[in-house]
Amino acid sequence: MPKDDCIFCKIAKGEIKTEFIAEAEDYVSFKDINPQAPAHALVIPREHFESLNEVDSPKIMGNLLEGAKKTAEKLGIRDNYRVVINTGSQAGQAVFHIHLHVLGGRAMQWPPG
Ligand code: 5GP
Ligand code: ZN
């Protein structure tokens with residue numbers, strides 16, 4: 001069920017015009033509005049789940065990871081990229097519709113902050 005006040009539901013439904021990098025039956029990906037690396041995209045399910053903890057389908061999670069891979073390929077970073085899922089505000093989650101960050105185009109630090 002889409003959530004009326006969810007920005008990522010609006011993007012997935014095409015209510016906010018956004019160029020998709022990759023898309024399939026159950027996900028879309030697009031550039032992050034505030035990139036933290038030269039390449040920074042988000043992969044989201046079309047269906048609304050607040051966070052990783054609410055996703056009840058391993059198939060959807062698998063497809064989101066496939067989407068991350070496809071997005072990295074399309075961005076030209078397939079040999080070096082990081083996929084991040086922030087879960088909960090203390091972990092940095094600000095948008096409560098699960099999303100996978102796909103980051104690349106620069107050397108990454110470890111551990112993340
Ligand atoms: P979080 O902090 O929840 O893990 O990540 C949310 C991400 O969504 C942030 O990197 C933020 O820049 C991005 N974001 C928030 N609103 C929008 C939007 O309207 N469009 C796009 N493309 N990205 C957004
Ligand atoms: Zn949503």
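Counting begins at 1 with the first residue of the sequence. First listed ligand is number 1; within each ligand, the first listed atom is number 1.
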closest protein heavy atom to atom 24 (C) of ligand 1 is Ile33 CG2, 3.4 Å
Beyond-backbone contact of Ile21 with Lys70, side-chain heavy atoms, under 4.5 angstrom:
no
Discussion item. Less than 4.0 angstrom from a charged side-chain N to a carboxylate O is my criterion; do Lys3 and Glu50 meet it?
Written reply: no
- Item | Any side-chain heavy-atom pair of Phe49 and Met61 under 4.5 Å | no
If we number the atoms of ligand 1 from 1 as shown, the ones under 4.0 Å from a heavy atom of Asn86 are 4 (O)
Carboxylate-amine/guanidinium contact Glu66 Lys69, below 4.0 Å: yes
* Kindly indicate whether the side chain of His97, heavy atoms from C-beta on, has any atom under 4.5 Å from the side chain of Pro45. => yes
Atom 5 (O) of ligand 1 has as its nearest protein heavy atom His99 NE2, 3.0 Å
**Report entry** Side-chain heavy-atom pair Val102, His40 within 4.5 angstrom cut-off
**Finding:** no
Closest heavy-atom approach to atom 11 (C) of ligand 1 among Asn34, Ile16, Asp32 is made by Asp32
| said: For a 4.5 angstrom cut-off between non-hydrogen side-chain atoms, does Glu54 reach Ile98? | reply: no
Within the 4.0 Å heavy-atom cut-off, what Phe96 brings close to ligand 1 is neither
Note: ligand 1 atoms sitting under 4.0 Å from heavy atoms of Ile7 are 19 (O)
Closest heavy-atom pair, His99 versus Ile44, reported as atoms and distance to 0.1 Å, is CB-CG2, 3.6 Å
The Zn ion (ligand 2) has as its nearest N, O or S atom from His97 the atom ND1
for atom 15 (C) of ligand 1, nearest protein heavy atom and its distance come out as Val95 CG2, 4.0 Å
Exactly one of Tyr27, Phe30, Phe96 clears ring pair (Phe, Tyr, Trp, His ring centres under 6.0 Å) with Phe8, and that residue is Phe30
Ligand 1 to His101, heavy atom cutoff 4.0 Å, flagged ligand atoms 1 (P), 4 (O), 5 (O), 7 (C), 10 (O)
For Ala94, the atoms of ligand 1 under 4.0 Å from one of its heavy atoms are 1 (P), 2 (O), 3 (O)
Note: Thr18, heavy atoms under 4.0 Å from ligand 1, region reported as neither
Which atom of His48 is nearest the Zn ion (ligand 2), counting N, O or S only? It is ND1
Logged contact type for Lys31 with ligand 1, heavy-atom cut-off 4.0 Å, is backbone
Taken to the nearest 0.5 Å, the spacing of Leu42 CG from Ile11 CD1 works out to 8.0 Å
Does an N or O anywhere in Gly92 fall below 3.5 Å from an N or O of ligand 1? yes
Q) Can you find an N or O of Gln93 that's nearer than 3.5 Å to an N or O of ligand 1? A) no
